[in-house]
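Taking it in order: structure first as structure tokens, then the write-up.
Throughout, a chain's letter reflects where its sequence line sits, starting with A, and its residues are numbered from 1. Computed from heavy atoms alone, side chains included, the values below leave out hydrogens, waters and symmetry copies.
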Amino acid sequence: MATTIQQYRKSVTFNMTPMVDVVFLLIIFFLVSSHLAKQETQLEMDLPAADSGAELIDSADRLVVNVLTDGTVMLRGRTVPRGELRQRFTKHLEESGPDLEVRIRSDKSTPFQNVEPVLLRCAQAGIWNVKFAVYRTKDVR
Amino acid sequence: MRYRSIFDRGQGELEVKMTSMIDVVFLLLVFFIWTASFRVIEMSLPSSVSAVAGNQLPQDQAPPPEDDFDDVVIRIQWQNSTPSWQMNSVQVNSLEELRGRLGRIAKIKLDSRVILHPDPAVPLGDVIDVYDSARTIGFKKIHFAASEEI
């Protein structure tokens, strides 16, 4: 009788190791996939290089504007006709408030005439927090 | 015989279990390879725009005397796929010379406004070069000139 009880007690003890293994693997998987998902959203571009660039701070009120070499303007990943830029900026400014940051990402070979309208429309809409995406000079050269 | 068996058992316990260690090392390796980002880190370069009416800028203005000017207007031109610079209508031969001049101005008056006026065809990379130089030197007010009629 005594032996059966002892056997029963033994079998109840949990083996935690595989569970911890699996949980750990899942945590790593989700960490890594979220990290990669964030990277994938960026359009591949050869940004200009600068020495005085500041670290990118996470901000909710950021509007990323991609300006392609041919002059196509992409706002939050969607192509926007140039004529609509100003009203789009005004709309975003109303939604996000005065802290709205516009981040211009453009290839270093893009002629300035394609970037200038974006700058101008920002100024006209009243957005003064405009930043250029750049690479650090030492990272590129 | 009895001693030998004890000796054998003792040796068996001394062996290091490699499997679990390799498991862990492999996991760590995979983790670090995945998380290592092979992309270059992106930085931010703050900017501001100065809206100036039409074609006022800047060639028809005579260069003001060096000691009391307020605005430094840098015009970037694009000819034969190379950039050329003009500072307050004075031709500057190289980016280094431009930096030198800006540095000298900064020593006299650091709070003067620097206005960049690139030609439409100038690639953004060359515009950012000048902009970055002015920022590195320490100018706080650097603007882009834009004509209203775009």
Side-chain angles (χ1 to χ4, degrees), chain A residues 17 21 24-25 28-29 31-33 35-36 38-39 42 44-57 59 62 67 69 82 101-124 127-137 139-140, chain B residues 20 23-24 26-28 30-52 75-78 81 83 99 116-140 142-150:
Chain A
T17 325
D21 273 4
F24 193 64
L25 252 178
I28 290 179
F29 173 74
L31 274 180
V32 170
S33 57
H35 182 83
L36 288 180
K38 218 188 268 178
Q39 275 190 0
Q42 286 184 345
E44 193 98 21
M45 272 191 195
D46 188 13
L47 303 180
D51 287 318
S52 61
E55 293 275 344
L56 196 61
I57 306 155
S59 157
R62 180 177 294 140
V67 184
T69 326
R82 282 202 201 176
E101 176 193 320
V102 171
R103 181 175 170 81
I104 300 177
R105 292 181 81 241
S106 185
D107 207 275
K108 66 179 173 197
S109 60
T110 310
F112 188 70
Q113 60 189 353
N114 293 339
V115 184
E116 196 175 3
V118 180
L119 285 172
L120 187 67
R121 297 293 173 250
C122 281
Q124 285 171 342
I127 303 167
W128 298 104
N129 191 2
V130 180
K131 285 175 180 170
F132 283 103
V134 290
Y135 290 140
R136 251 185 308 208
T137 315
D139 288 346
V140 186
Chain B
S20 47
D23 272 4
V24 171
F26 193 66
L27 249 179
L28 286 176
V30 170
F31 174 73
F32 284 118
I33 289 177
W34 262 349
T35 49
S37 150
F38 298 108
R39 281 202 172 184
V40 186
I41 310 157
E42 285 187 16
M43 314 292 277
S44 285
L45 204 64
S47 77
S48 48
V49 181
S50 149
V52 182
R75 206 184 152 94
I76 311 167
Q77 288 160 321
W78 190 248
S81 304
R99 281 186 192 136
L116 298 188
H117 188 220
D119 275 3
V122 180
L124 186 69
D126 292 286
V127 181
I128 295 289
D129 275 345
V130 178
Y131 185 81
D132 183 47
S133 306
R135 258 175 69 86
T136 316
I137 287 164
F139 286 102
K140 296 280 176 285
I142 311 164
H143 302 269
F144 285 100
S147 37
E148 292 277 6
E149 69 229 23
I150 300 171

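Electrostatic pairing of Asp119(B) and Arg75(B) counts as a salt bridge here, judged by a charged N lying under 4.0 Å from a carboxylate O.
No part of Asp21(A) comes within reach of chain B, as not one of its non-hydrogen atoms sits under 4.5 angstrom from that chain. Leu27(B) touches chain A through its side chain: at least one heavy atom from C-beta onward sits under 4.5 Å away, while N, CA, C and O do not. Ile104(A) does not touch chain B: none of its heavy atoms, backbone or side chain, sits under 4.5 Å away. Contact of Val134(A) with chain B is made through backbone and side chain together, with heavy-atom distances under 4.5 Å. With a 4.5 angstrom heavy-atom cutoff, Asp23(B) does not touch chain A via any of its atoms.
Under the 30°/60° scheme for interplanar angles, the aromatic rings of Phe132(A) and Tyr131(B) are found to stand perpendicular.
The two residues Gln77(B) and Val122(B) make their nearest non-hydrogen contact at C-CG2, 4.0 Å.
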May I have the step-by-step check of side-chain hydrogen bond (donor to acceptor under 3.5 Å, both in side chains) for Arg82(A) and Asn114(A), ending in yes or no?
CA-CA 10 Å; Arg82(A) 282 202 201 176; Asn114(A) 293 339; 3.2 Å; yes
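In this structure a side-chain-to-backbone donor-acceptor pair under 3.5 Å is present from Ser106(A) to Val67(A).
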